[in-house]
**Q** 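The structure follows.
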Amino acid sequence: MALVIYNTMTKRKEPFEPLEKGKVSVYVCGVTAYDKSHLGHARSAINFDVIVRYLRSKGYDVRHITNFTDVDDKLIARAHELDVDPMDLSRQMIDEYFSVMDGLKIRRATAYPKASETISDIIEMVKGLMDKGLAYESGGSVYFIVRKVKDYGKLSGQSLDQMVTGTRKEPGEDKRDPMDFALWKAAKPGEVSWDSPWGKGRPGWHIECSAMCLKHLGKTIDIHGGGTDLIFPHHENEILQSEAHNEAPFVRYWMHNGMLTMGEEKMSKSMKNFFLVDEVLRRYSPEVVRFFILNASYRQPLDYGEGSLDEAGRALEKLQETYTTLLSEEVSADGTQGMEEACNDAWARLTEAMDDDFSTREAIAVMFELSRKANRGLAEGSLNRAGVGSIISVFRRFNDLFDVLREEKRRVVAAPEDTRPTDTAAPDDTLTIDASRMSDDGYVTDLVRKREIARRRREFDCADKIRELLAEHGIEIQDTPEGAVWKRR
RNA sequence: GCCGGGGUGACAGAGAGGCCAUGUGGCGGACUGCAGAUCCGCAGACAGGAGUUCAAAUCUCCUUCCCGGCCCCA
């Protein structure tokens, strides 16, 4: 079974064949480090996290690079506003980025190069383009001559002549053609800058990605990813620079994730309609956030509305419930059913879905179906130990990719044999709970056992009171034929 | 204006020629002291119009509405 990837360049799904057998180079555009990350950034990170995990699970040796733009107009402006050094601001935001991405269980990329640390490579690249006659210096800035390359617009489908009307010329710039874009920008007084053959300045936006790809991954990379909002002009211009400079195809597969929207509008800083990741993580678990994102196709826009994460949480809870039950039953199952076939089938369908352009949604649907089969078997008591084991194994392999489930067992409190009236159960009017001991599992188990006894004696007021009090402390009790079961929410 | 992507049941969101999505929610049933969880069952859909086909939510054409990109952006 072969992996196919939707390539933005050809607008088709294509069989995936890396340049070098067994190895995959992946470059994903990162963030401009001038502010905290919002959920849109999280979406991109989560999508590519799973994509890389899947590629690795297929045995590929993946080299994954994600950059930080730490030199840019907005960053300088923000630093000025806050009256801090731009480099300090970006360092702080990069720390914040790692903190929330770790919080979302994103696996770290192979490297995170920064624009500020790639200056010499960028200068080399700009020089190379000038030597080829594809760029010129003007007023301390260097511009790329767009009209000298022929396949402009091959990624975005934009045509040069249509564009001209829409392009503005910033004051102070001295471009020969309004379509030309900056490779190197002359420093304005007081700005962060580096020495270059053209005087003090800093890199243009697009060139850093081209330089980093070349430096860390080579002339031709397998996968280049980013949001759909980067297709034009960012990625288009990267192609121009890199292919002109390297004289080699730049990217084999362009992958673009859809925007996260709110009320159908793109979530963005400029629209001030965004949710910061750290705020969201205060209210929802990383698993729920991941599930919400992965429960949609990465290419389509996804709407974030009030209640989206709650709904994702309820759905995920179902899978978690099954998984937890399976883990709890792992050693005690005593039926006869093996589930071998159902598990093989589920895994086959799951990988088939993932092979089809990383259809995480489909994969999740498969898990829900397996979950139902598992619950049925569990309810009937028909599963044997191997059966439970093989379902767990599918869940585990799924989770290695998605990372949305927690490995937790349920604590079962078996029904005490002796339910004759004793003083073990306190009368409901005097029952109190020592809140300070609620983190003590033994104490909780003790209370649950007291409730079990009360239930056996049909003292339901007392039993319900205990259930209620525990619930106030986030402890949930479920009665099962094997006894009461409890967990922390 | 130009270039993309879309309009699917109450909602969220898959699918891309014939079959079931999946989840939330709703209804009915089983289980239960109650609750929860779970299981079984039911209802409900492919923007509109034409065409291709034995067969279209899926392909083609037209209409219409929405979103994104064209300064920065995951």
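A note on names: the letters A, B, ... follow the listed sequences, proteins ahead of strands, and every chain is numbered from 1. We use all heavy atoms of the structure for the numbers below, so side chains are in, but hydrogens, waters and symmetry mates are not.
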**Q** What is the nucleic acid contact for A:L316, judged by heavy atoms within less than 4.0 Å: base, sugar-phosphate only, or nothing?
**A**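 A:L316: no heavy atom of the nucleic acid under 4.0 Å.
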**Q** Considering only B:rG68, B:rG6, B:rU24, which nucleotide approaches the side chain of A:K266 most closely?
**A**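 Out of B:rG68, B:rG6, B:rU24, the nucleotide with an atom closest to A:K266's side chain is B:rG68.
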**Q** Under 4.0 Å between any heavy atoms, over every strand shown, what does A:E369 touch: base, sugar-phosphate, or nothing? Just pick one.
**A**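 Here A:E369 touches the backbone only, sparing every base.
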**Q** Between atom CD in A:E380 and atom P in B:rA30, what is the gap in whole Å?
**A**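 Interatomic distance, CD of A:E380 to P of B:rA30: 18 Å.
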**Q** Are the charged groups of A:R349 and A:E369 less than 4.0 angstrom apart, N to O?
**A** yes
**Q** Which part of the nucleic acid, if any, lies within reach of A:G226 when heavy atoms closer than 4.0 Å are counted: base, sugar-phosphate only, or nothing?
**A** sugar-phosphate
**Q** Check each of A:V288, A:V289, A:V100, A:L104 against A:V280 using the side-chain contact (heavy atoms from CB on, under 4.5 Å) test, and report the only one that passes.
**A** A:V289
**Q** For a quick test of reading the model: is some side-chain N or O of A:R299 closer than 4.0 Å to OP1 or OP2 of B:rG5?
**A** no
**Q** Assess whether a salt bridge exists between A:K487 and A:E317, defined as any Lys/Arg side-chain N lying under 4.0 Å from an Asp/Glu carboxylate O.
**A** yes
**Q** Any donor-acceptor pair under 3.5 Å between the side chain of A:R376 and the base of B:rC40?
**A** no
**Q** Describe the nucleic acid contact of A:D479 in one word from base, sugar-phosphate, nothing, applying a heavy-atom distance below 4.0 Å.
**A**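 Result for A:D479 = base.
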**Q** Assign A:S268 to base, sugar-phosphate, or nothing according to its heavy-atom contacts below 4.0 angstrom with the strands shown.
**A** nothing
**Q** Looking across every strand, which nucleic acid part, if any, lies under 4.0 Å from A:L260 by heavy atom: base, sugar-phosphate, or nothing?
**A** base
**Q** Which part of the nucleic acid, if any, lies within reach of A:G258 when heavy atoms closer than 4.0 Å are counted: base, sugar-phosphate only, or nothing?
**A** base
**Q** Can you check the A:M93 CE to B:rA74 P distance for me, whole Å?
**A**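 In whole Å, B:rA74 P and A:M93 CE are 14 Å from each other.
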**Q** Go nucleotide by nucleotide along RNA chain B from the 5' end; which of A:T228 and A:T69 gets its closest nucleotide reached first?
**A**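 The residue mapped nearer the 5' terminus is A:T228.
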**Q** What contact category does A:H256 fall into here, base, sugar-phosphate, or nothing, at under 4.0 angstrom with non-hydrogen atoms?
**A** nothing
**Q** Which nucleotide in the set B:rA37, B:rA21, B:rG5 lies at the smallest distance from any side-chain heavy atom of A:R361?
**A** B:rA21
**Q** Does the distance from a Lys or Arg side-chain N to an Asp or Glu carboxylate O, for A:E191 and A:R202, drop under 4.0 Å?
**A**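 Result for this pair is yes, salt bridge flagged.
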**Q** Only pairs with both distances under 3.5 Å count, Watson-Crick or wobble alike; so what is the partner of B:rU52 in this structure?
**A**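 Paired with no nucleotide.
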**Q** Within the pair A:K318 and B:rU24, is there a side-chain N or O less than 4.0 Å away from OP1 or OP2?
**A**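 Answer is yes, contact under 4.0 Å.
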**Q** Tell me the interatomic distance from A:D310, atom CG, to B:rU24, atom P, rounded to whole angstroms.
**A**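 Rounding to the nearest Å, CG of A:D310 and P of B:rU24 are 14 Å apart.
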**Q** Let me know the distance between CG of A:D464 and P of B:rA35, rounded to the nearest Å.
**A**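 Rounded to whole Å, this separation is 10 Å.
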**Q** Quick check on RNA chain B: between A:D356 and A:F292, whose nearest nucleotide comes earlier from the 5' end?
**A**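 Closest to the 5' end, via its nearest nucleotide, is A:F292.
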**Q** Please tell me which of the listed nucleotides, B:rU24, B:rC39, B:rA74, lies nearest to the side chain of A:L230?
**A**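 Comparing B:rU24, B:rC39, B:rA74 against the side chain of A:L230, the answer is B:rA74.
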**Q** Any N or O donor-acceptor pair linking the side chain of A:Q300 to the base of B:rG5 at under 3.5 Å?
**A**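 Such a pair does not exist between side chain and base.
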**Q** Is the ring of A:F460 stacked on the base of B:rG33, with centres less than 5.5 Å apart and planes under 30° off?
**A**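 Answer is yes, a stack.
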**Q** For A:F98, is the NZ or CZ atom of A:R108 found under 6.0 angstrom from the centre of its six-membered ring and inside 45 degrees of the ring axis?
**A** yes
**Q** Which listed nucleotide (B:rG68, B:rG15, B:rA74) is nearest to the side chain of A:E265?
**A**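 Given the options B:rG68, B:rG15, B:rA74, the side chain of A:E265 is closest to B:rG68.
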**Q** Using the side-chain heavy atoms of A:R455, tell me which of these nucleotides is nearest: B:rG33, B:rG15, B:rA74.
**A**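 My answer, after comparing the listed nucleotides, is B:rG33.
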**Q** For the pair made of CD1 in A:I466 and P in B:rG33, what is the distance, rounded to whole Å?
**A**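 Distance, rounded to whole Å: 18 Å.
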**Q** How close or far is atom P of B:rG4 from atom CH2 of A:W254, stated in whole angstroms?
**A** 17 Å
**Q** Tell me: NZ of A:K13 to C1' of B:rA14, nearest whole Å?
**A** 11 Å
**Q** Nearest to the A:N257 side chain among B:rG13, B:rG33, B:rA74, which nucleotide is it?
**A** B:rA74
**Q** Of all the heavy-atom pairs spanning A:S37 and A:Y97, show the shortest one and how long it is.
**A**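 Looking at all heavy atoms of both residues, the closest pair is OG-CD1, 3.5 Å.
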**Q** Any strand counts, and the cut-off is 3.5 Å on both contacts for Watson-Crick or G-U wobble. Which nucleotide pairs with B:rG68?
**A**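 Paired with B:rC3.
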**Q** Does OP1 or OP2 of B:rC39 have a side-chain N or O of A:N375 closer than 4.0 Å?
**A** yes
**Q** Partner of B:rC39 by Watson-Crick or G-U wobble geometry, both contacts under 3.5 Å, or none?
**A**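 When the pairing criteria are applied, B:rG29 turns out to be the nucleotide that pairs with B:rC39.
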**Q** Testing the basics here: between A:K114 and A:I94, what is the closest heavy-atom pair and its distance to 0.1 Å?
**A** CE-CD1, 3.7 Å
**Q** Return the value, rounded to whole Å, for the distance between atom CD1 of A:I231 and atom C1' of B:rC3.
**A** 10 Å
**Q** Under a 3.5 Å limit for both distances, which nucleotide forms a Watson-Crick or G-U wobble pair with B:rA47, could you say?
**A** B:rU63
**Q** Between B:rC2, B:rG13, B:rU24, spot the one nearest the side chain of A:Q158, thanks.
**A**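 So the side chain of A:Q158 is nearest to B:rC2.
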